[in-house]
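One structure is given here, and the rest of the page talks about it.
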Amino acid sequence: MRRTIVAGNWKMNASKESVNKLILGILSGMSEVRSEVVVCAPFPYLSQVEALITHSQVKLGAQNLNTNSSGAFTGEVSANMIKDFGARHVIVGHSERRSLYGETSPLVAEKVKAALDSDLTPILCVGESLEQRESGETEIVVAEQINTVIESVGIDAFRNIIIAYEPVWAIGTGKTASPEQAQAAHLFIRDLLRKSNESIAQSTHILYGGSMNAGNAKELISCADIDGGLIGGAALKAEDFLQICRVG
Ligand code: PGA
């Protein structure tokens with residue numbers, strides 16, 4: 001049985017004041033939460049969140065990393081730096097990174113490797129654009145995104161990788177994939193893993209992302225192959241986020 005994981009992706013939304021309010025709000029409602037809860041904060045706030053979540057069940061994650069461990073890479077952040085602030089997770093290959101910052105599948109695979117080498121759990125994002133869905137390419141796109149990582153780090157590494165299926169057309173648009181559409185994509189991903197290793201296919205968490213909110217989370221998370229959510233907009237308000245966390 002896979003335990004539900006709910007991860008918040010704050011993206012570039014935070015201030016010292018809002019982080020304080022959000023984390024204290026989340027902590028105050030954690031006693032009724034059975035899911036594993038992760039908050040992925042922007043880099044400057046990792047330290048603040050680390051201090052606030054001490055002794056709680058909330059886990060900390062980052063939203064990106066550089067593939068190098070240190071050196072002359074101005075403006076970049078390494079896996080070890082992220083770990084230094086108590087984070088255990090890192091989002092890799094989010095569609096915004098792929099589309100706005102030119103991250104290719106081979107680069108995403110390198111980032112997954114860098115995270116794993118530092119004992120961080122990558123939350124590997126995959127998903128198709130609207131154009132790709134409409135031209136029937138969803139499975140081709142998602143298979144390429146995942147197979148590139150399998151070829152680079154090997155299927156066994158997926159014991160320590162979380163996958164997030166995030167159809168690009170559903171991110172931040174208020175347009176959610178229907179439970180049937182999401183379940184079909186999740187099953188496709190699990191079957192893809194199954195081709196390499198049955199037990200890894202069974203144990204890998206596949207989260208759904210794309211306008212998941214308090215109103216639709218239950219229906220989505222109750223699908224057989226949906227093991228939780230990667231939440232953007234609805235992760236910025238403690239009560240909305242907690243309602244999703246309570247589903248699992
Ligand atoms: P959204 O974002 O929930 O605001 O659609 C999800 C994500 O981009 O991870």
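Throughout, residue positions are numbered sequentially from 1 according to the sequence presented. Atoms considered below: every heavy atom in the structure, side chains included; atoms not considered: hydrogens, waters and symmetry mates. A quick note: this is a predicted structure, and the numbers were derived from the prediction, not measured.
Summarising the geometry, atom CD1 belonging to Ile146 is positioned 6.0 Å from atom CG belonging to Leu193; distances are rounded to the nearest 0.5 Å. Atom CD1 of Ile150 sits about 9.5 Å away from atom NZ of Lys195, to the nearest 0.5 Å. Between atom CG of residue Leu22 and atom CG of residue Leu27 there is a gap of 9.5 Å, rounded to the nearest 0.5 Å. The distance from the CG atom of Leu207 to the CD1 atom of Ile163 is 9.5 Å, given to the nearest 0.5 Å. Between the CZ atom in Arg98 and the OG atom in Ser105 there is a gap of 4.5 Å [rounded to 0.5 Å]. The structure places CG of Leu65 at 8.0 Å from OG of Ser118, a figure rounded to the nearest 0.5 Å.
Of all the heavy atoms in Thr176 and Ser211, the pair that sits closest is OG1-O, 3.3 Å. Contact record, Leu120 with Ala87: CD2-O, 3.3 Å, taken as the closest heavy-atom pair. Shown here for Ala109 and Val153, the closest heavy-atom pair between the two residues is O-CG1, 4.3 Å. Closest approach of Cys125 to Ile91, counting heavy atoms only: SG-CG2, 3.7 Å. Summarising the geometry of Val38 relative to Gly61, their closest heavy-atom pair is CG1-N, 4.0 Å, with the distance given to 0.1 Å. Here the closest heavy-atom approach between residue Arg34 and residue Ser31 is recorded as NH1-O, 3.4 Å.
The backbone N or O of Ser203 sits nowhere less than 3.5 Å from a side-chain atom of Arg2 that would complete a donor-acceptor pair. In this structure, His205 contributes its side chain and Ile226 its backbone to no donor-acceptor pair below 3.5 Å. Proximity of a side-chain donor or acceptor of Asp240 to a complementary backbone N or O of Lys237 within less than 3.5 Å is not detected. A donor-acceptor contact shorter than 3.5 Å links the side chain of Ser99 to the backbone of Ser95. Put simply, the side chain of Arg97 never gets that close to the backbone of Gln63: no donor and acceptor are under 3.5 Å apart. Within the 3.5 Å criterion, the main-chain N or O of Ile53 finds a donor-acceptor partner in the side chain of Ser56. Between the side chain of Arg194 and the backbone N or O of Ile200, no donor-acceptor pair lies under 3.5 Å. Under the 3.5 Å distance criterion, the side-chain polar atoms of Arg190 are matched with a main-chain donor or acceptor of Ala201. Side chain of Glu151 to main chain of Thr148: no donor-acceptor pair is present (N/O by atom type, distance under 3.5 Å, no hydrogens or angles). Judged by distance alone, the side chain of Glu166 and the main-chain N or O of Tyr208 form no donor-acceptor pair under 3.5 Å.
Note: the hydrophobic cluster containing Ile23 also contains Phe241 (ILVMFWY, side chain heavy atoms under 4.5 Å, direct or indirect links). Cluster membership check: Ile5 does not share its hydrophobic cluster with Trp10, using side-chain heavy-atom separations under 4.5 Å among Ile, Leu, Val, Met, Phe, Trp and Tyr. Leu230 and Ile26 sit in two unconnected hydrophobic clusters of ILVMFWY residues. Membership requires side-chain heavy atoms under 4.5 Å apart, directly or through other members. Put simply, Val126 and Ile123 are part of two different groups of oily side chains (I, L, V, M, F, W, Y) that touch within less than 4.5 Å, one to the next. Residues Ile206 and Ile162 do not share a hydrophobic cluster, defined by chaining ILVMFWY side chains whose heavy atoms lie under 4.5 Å apart.
Among residues at least two apart or in separate chains, there is no ring pair (Phe, Tyr, Trp, His ring centres under 6.0 Å) pair with a member in residues 110-131. Legend: side-chain hydrogen bond (donor to acceptor under 3.5 Å, both in side chains) pairs involving residues 35-55, not counting sequence neighbours, sorted by first then second residue: Glu36-Lys59.
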*Dump the intermediate steps for side-chain hydrogen bond (donor to acceptor under 3.5 Å, both in side chains) on His94 and Glu103, then the final yes or no.*
CA-CA 9 Å; His94 189 280; Glu103 293 197 5; over 6 Å; no

*Would Trp169 and Glu128 count as a side-chain contact (heavy atoms from CB on, under 4.5 Å) if you check the C-alpha gap in whole Å, the side-chain angles of each, and the deciding distance to 0.1 Å?*
CA-CA 8 Å; Trp169 47 273; Glu128 81 288 358; 2.9 Å; yes

*Assess whether side-chain hydrogen bond (donor to acceptor under 3.5 Å, both in side chains) is satisfied between Asn160 and Thr121, documenting all intermediate values.*
CA-CA 6 Å; Asn160 300 312; Thr121 301; 5.9 Å; no

_Verdict with reasoning, Lys111 to Asn64, per side-chain hydrogen bond (donor to acceptor under 3.5 Å, both in side chains)_ = CA-CA 8 Å; Lys111 290 191 173 196; Asn64 183 29; 2.8 Å; yes

*Step by step, would you call Val37 with Met30 a side-chain contact (heavy atoms from CB on, under 4.5 Å)?*
CA-CA 9 Å; Val37 176; Met30 281 301 289; 3.8 Å; yes

*asked:* Run the side-chain contact (heavy atoms from CB on, under 4.5 Å) test on Val247 and Thr4 for me, step by step, so that the C-alpha distance in whole Å, both residues' side-chain angles and the decisive distance to 0.1 Å come before the verdict.
replied: CA-CA 8 Å; Val247 168; Thr4 301; over 6 Å; no

*Applying side-chain hydrogen bond (donor to acceptor under 3.5 Å, both in side chains), run through Asn68 and Ser70 and close with a yes or a no.*
CA-CA 6 Å; Asn68 297 283; Ser70 66; over 6 Å; no

_Between Ile231 and Asn9, is the side-chain contact (heavy atoms from CB on, under 4.5 Å) condition met? List the steps._
CA-CA 6 Å; Ile231 322 296; Asn9 173 13; over 6 Å; no

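Atom CD of Glu131 sits in a sparse spot, with 12 or fewer heavy atoms from other residues, nucleotides or ligands closer than 6.0 Å. Other residues, nucleotides and ligands place more than 12 heavy atoms under 6.0 Å from the CD atom of Glu198. Heavy-atom neighbours of Lys11 NZ from other residues, nucleotides or ligands within 6.0 Å: above the threshold of 12.
Applying the side chain to side chain donor-acceptor pair (under 3.5 Å) criterion to Gln132, with sequence neighbours excluded, gives Ser129. Legend: residues meeting ring-ring contact (aromatic ring centres under 6.0 Å, His included) with Tyr165, ordered by chain and number and at least two apart, are His186. With sequence neighbours left out, the side chain to side chain donor-acceptor pair (under 3.5 Å) criterion links Glu239 to Arg246. Annotation: side chain to side chain donor-acceptor pair (under 3.5 Å) contacts of Asp117 (sequence neighbours excluded): Lys113.
A side chain to side chain contact (heavy atoms under 4.5 Å, CB included) with Val77 is found for one member of Ile82, Val90, Leu46 and no other, namely Ile82.
No donor-acceptor contact under 3.5 angstrom links the side chains of Ser69 and Asn80, judged on distance only. Judged by distance alone, the side chains of Ser135 and Glu137 do bring a donor and an acceptor atom under 3.5 Å apart.
Looking only at side-chain heavy atoms (C-beta outward), Arg133 and Val168 stay at 4.5 Å or farther from each other.
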